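One structure is given here, and the rest of the page talks about it.
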Amino acid sequence: MTPTVTSGASTPPTATSGASTPPTVLAVIPARGGSKGVPAKNLAEVGGIPLVARAVRAALAAPEVTDVVVTTDDTAIAQAARTAAAHLGAADRLHCVERPAAIAGDTATSEAAVLHALDTYEAERARTVDVVLLVQCTSPFVSREDIDGVARAVAHEGADTAVTVAPFHGFVWRDGAAVEEGTYGVNHDKSVRPRRQDRPQDFLETGAAYAMDAAGFRTHRHRFFGHTALVPTDPARVLEIDDPHDLARARALAPLLDPAPLPSLADVDAVVLDFDGTQTDDRVMVDSDGRETVAVHRGDGLGIAALRKAGVPLLILSTEQNPVVAARARKLQVPVLHGIDRKDEALKQWCDEQDIAPDRVLYVGNDVNDLGCFALAGWPVAVGSAHDSVRAAARAVTTTPGGYGAIREIAAWLLGPTLTTDPTLTKTTTPAPTVPTK
C-alpha cells in the first residue's frame with residue numbers, strides 16, 4: 001500500500017475508538033554492548049550524555065509513550081538507562097530486559113530484540129501492549145516529537161506501521177558495473193535534470209523511530225506491514241552513528257541541535273511560582289483541630305530574596321485557599337494570588353497589568369493544574385518531583401524536587417550559583433538540570 005505522509009505536529013491524541021483507556025504504547029530501545037565500528041558505542045557521549053540515555057530521555061518525554069524498555073546484554077548500558085530515567089523522575093516507567101546471547105550478536109536483527117522485549121514486558125507486567133516502538137540509540141538527535149509522531153500514527157490515525165523520514169531532494173546514482181549496466185540514475189533519468197520543485201518529493205528513512213501495531217508485528221515479525229505512515233522530521237537532525245567519524249560529527253552538532261540552554265536573566269522578565277509541590281514537598285500536616293501546616297525550604301527563601309533584590313518581578317500563583325500561602329508570601333515579600341481556579345487566566349491578566357509579555361515569563365509548577373500556565377509562559381519549568389505530564393511539557397526540569405530547594409536552583413540559573421549578578425563572584429557552575437526536547 002502507498003505510505004501516507006503524517007505531520008509530526010498533528011492534533012492532540014484522542015482515545016482509540018471504542019476504548020475506555022488510552023492505548024498502551026511501549027517504546028523498545030535495543031542497546032547491545034558489542035560494536036565493531038565504535039567500541040562501547042551506546043555508552044559514547046554526545047552533548048555530555050550517553051547515547052542510550054539520550055534515547056531513554058526522548059522516549060520518556062513523549063506523552064504517547066506508556067513505558068520504555070531497554071533491551072541489552074551489557075550491565076553498564078542498563079545502569080546508564082536507569083540513571084537517565086531516575087533523573088527524569090520516571091524510574092518506574094523504565095524497564096531493562098537482559099537480551100539473550102542468541103539475539104545479541106552482530107547478525108541479530110532489531111526485530112528479534114523488539115519481539116523478545118515485547119514478550120518479556122507483557123509477561124512481567126501482565127499487560128497487553130497495543131503499539132510497540134523501535135527507538136534507535138544510534139540516532140542521537142531523535143526527539144520526543146519524532147517518537148510521538150510515529151506512536152500517534154499507529155495508535156490514533158489508522159496506520160499499521162510508521163517511520164520517521166526526512167524530505168530528500170538528491171539525485172541518487174548507482175554503479176551497475178558488476179552487472180554490466182554501468183552507472184545509472186536510480187530516482188531520475190540521467191539525461192534529464194528537472195528542477196527541484198518539478199521533481200516528485202522523496203523521503204529518506206532516518207532510522208530513528210518506528211511504530212508498529214503490536215498484534216500485526218507479532219504476525220509479520222517485521223517493522224513494515226500493512227499501511228505505513230511517513231512522519232517527517234527535520235533533515236538537519238538526521239544522523240546515524242556507525243563509525244567514529246559519525247560520532248565526531250554528532251558531537252560537533254550537539255551544541256546546535258540539542259535543546260536550548262537554561263534561561264539567564266536576559267531571557268526572563270518575571271518569575272511566577274506555584275506553591276504546593278513547588279515550594280513545598282506537596283505534603284500537608286493536619287493537627288487535631290484541622291489546622292494545616294506545610295514545610296518549606298530556607299534555600300528557596302534565599303533564592304527568592306536574591307531575585308527580588310535583582311529587581312525581577314515575582315508572583316506566587318496558587319489554587320490553594322489555605323491562608324498559609326498568603327502567610328508565606330508575606331514572609332517572602334512577594335505578591336500572591338491564591339484560591340485561583342483558572343491559573344492561566346489569572347497569569348494572563350497579571351501579565352497584562354504588569355505590561356510583561358507572557359513569553360518572557362518563567363513559570364514554575366509541578367502538577368496538571370499548571371499545564372495551562374505552561375502553555376502560556378515562554379519558560380515553563382517543572383520541579384524535579386513534578387508529574388510526568390508536567391515534566392514532558394516543561395522546557396526545563398530542575399534536578400531538585402519541590403520543597404527541597406528547587407526555587408533556589410532556578411534562581412541560580414538566572415543569577416549564577418552565588419545568587420548575584422556580579423560575575424566576579426561566580427566561580428563555579430550549577431548542576432545541569434534535565435532539559436527535555438520541546
Side-chain angles (χ1 to χ4, degrees), residues 262-282 284 291-383 386 390 394-396 398 400 402-416 419-421:
L262 297 177
S264 68
L265 201 56
D267 302 314
V268 171
D269 289 339
V271 173
V272 179
L273 308 168
D274 178 37
F275 188 74
D276 284 337
T278 300
Q279 299 181 60
T280 77
D281 62 1
D282 222 12
V284 177
R291 288 188 295 264
E292 296 182 354
T293 58
V294 298
V296 295
H297 196 277
R298 289 191 181 277
D300 286 342
L302 184 65
I304 290 171
L307 289 169
R308 196 179 67 247
K309 183 178 179 180
V312 178
L314 296 163
L315 174 69
I316 293 174
L317 180 58
S318 175
T319 57
E320 179 57 56
Q321 297 184 14
N322 193 311
V324 71
V325 182
R328 181 59 176 166
R330 286 194 300 271
K331 172 72 172 178
L332 297 172
Q333 302 176 49
V334 173
V336 61
L337 296 171
H338 69 115
I340 304 296
D341 290 330
R342 285 295 305 271
K343 295 169 70 173
D344 54 342
E345 292 180 356
L347 176 59
K348 179 64 169 63
Q349 182 176 342
W350 182 81
C351 288
D352 290 342
E353 292 170 352
Q354 302 297 316
D355 196 25
I356 294 172
D359 62 4
R360 298 279 300 174
V361 170
L362 187 152
Y363 180 90
V364 188
N366 77 300
D367 216 331
V368 292
N369 61 352
D370 295 308
L371 291 175
C373 292
F374 269 36
L376 185 64
W379 275 98
V381 174
V383 296
V390 178
R395 190 170 177 181
T398 67
T400 313
Y404 290 87
I407 307 305
R408 191 201 188 285
E409 180 180 339
I410 293 166
W413 299 352
L414 302 179
L415 303 176
L419 299 182
T420 174
T421 55

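All residue numbers refer to positions in the sequence shown, counting from 1. Worth saying up front: this structure is predicted, and the values here are computed from it rather than measured.
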* Between the side chains of Gln349 and Glu353, does any donor sit under 3.5 Å from an acceptor? ->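 Indeed, the side chains of Gln349 and Glu353 share at least one donor-acceptor pair under 3.5 Å.
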So, taking the atom named [atom1] in [X] and the one named [atom2] in [Y], what distance separates them when rounded to the nearest 0.5 Å?
{"X": "Asp359", "Y": "Asp267", "atom1": "CG", "atom2": "CG", "result": "11.0 Å"}
{"X": "Leu415", "Y": "Ile410", "atom1": "CG", "atom2": "CD1", "result": "11.5 Å"}
{"X": "Asp276", "Y": "Asn366", "atom1": "CG", "atom2": "CG", "result": "8.0 Å"}
{"X": "Asp274", "Y": "Leu315", "atom1": "CG", "atom2": "CG", "result": "11.0 Å"}

So which heavy atom on [X] is nearest to which on [Y], and how close?
{"X": "Leu317", "Y": "Ala346", "value": "CD1-CB, 4.0 Å"}
{"X": "Gly277", "Y": "Asp282", "value": "N-OD1, 3.4 Å"}
{"X": "Gly365", "Y": "Asp370", "value": "CA-OD2, 3.4 Å"}
{"X": "Pro263", "Y": "Leu362", "value": "CG-CD1, 3.8 Å"}
{"X": "Trp350", "Y": "Leu314", "value": "CZ2-O, 4.0 Å"}
{"X": "Ser318", "Y": "Glu320", "value": "OG-N, 2.9 Å"}

* May I have the step-by-step check of side-chain contact (heavy atoms from CB on, under 4.5 Å) for Val361 and Gln354, ending in yes or no? => CA-CA 11 Å; Val361 170; Gln354 302 297 316; over 6 Å; no
Decide yes or no for [X] and [Y]: does some side-chain heavy atom of the first lie under 4.5 Å from some side-chain heavy atom of the second?
{"X": "Val272", "Y": "Cys373", "answer": "no"}
{"X": "Ile304", "Y": "Leu273", "answer": "yes"}
{"X": "Thr398", "Y": "Trp413", "answer": "yes"}
{"X": "Ile316", "Y": "His338", "answer": "no"}
{"X": "Leu414", "Y": "Val271", "answer": "yes"}
{"X": "His297", "Y": "Ile407", "answer": "no"}
{"X": "Phe275", "Y": "Arg328", "answer": "yes"}
{"X": "Leu371", "Y": "Val390", "answer": "yes"}

* Heavy-atom count around Gln321 CD within 6.0 Å, excluding the residue itself: above 12? -> no
* Asked: Between Thr293 and Val324, is a side-chain contact (heavy atoms from CB on, under 4.5 Å) present by the stated rule, with each step listed?
  -> CA-CA 7 Å; Thr293 58; Val324 71; over 6 Å; no
* To do: Could you go through the side-chain contact (heavy atoms from CB on, under 4.5 Å) check for Lys309 and Leu419 one step at a time?
  => CA-CA 10 Å; Lys309 183 178 179 180; Leu419 299 182; over 6 Å; no
* Asked: Does the distance from a Lys or Arg side-chain N to an Asp or Glu carboxylate O, for Asp352 and Lys348, drop under 4.0 Å?
  ->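 Answer for the salt bridge query: yes.
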* Asked: Looking at residues at least two apart in the chain, or sitting in another chain, which of them share a salt bridge (charged side-chain N to carboxylate O under 4.0 Å, His left out) with Lys331?
  -> none
* So Phe374 and Tyr363, would you call those rings parallel, tilted or perpendicular, with 30° and 60° as cut-offs? ->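 Perpendicular, since the angle between the ring planes exceeds 60°.
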* Asked: Between the main-chain N or O of Ala377 and the side-chain N or O of Arg395, is there a donor-acceptor pair closer than 3.5 Å?
  ->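 Checked: no pair found.
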* For Gln333, enumerate each residue passing the side chain to side chain donor-acceptor pair (under 3.5 Å) test, keeping only those at least two apart in sequence or located in another chain. => none
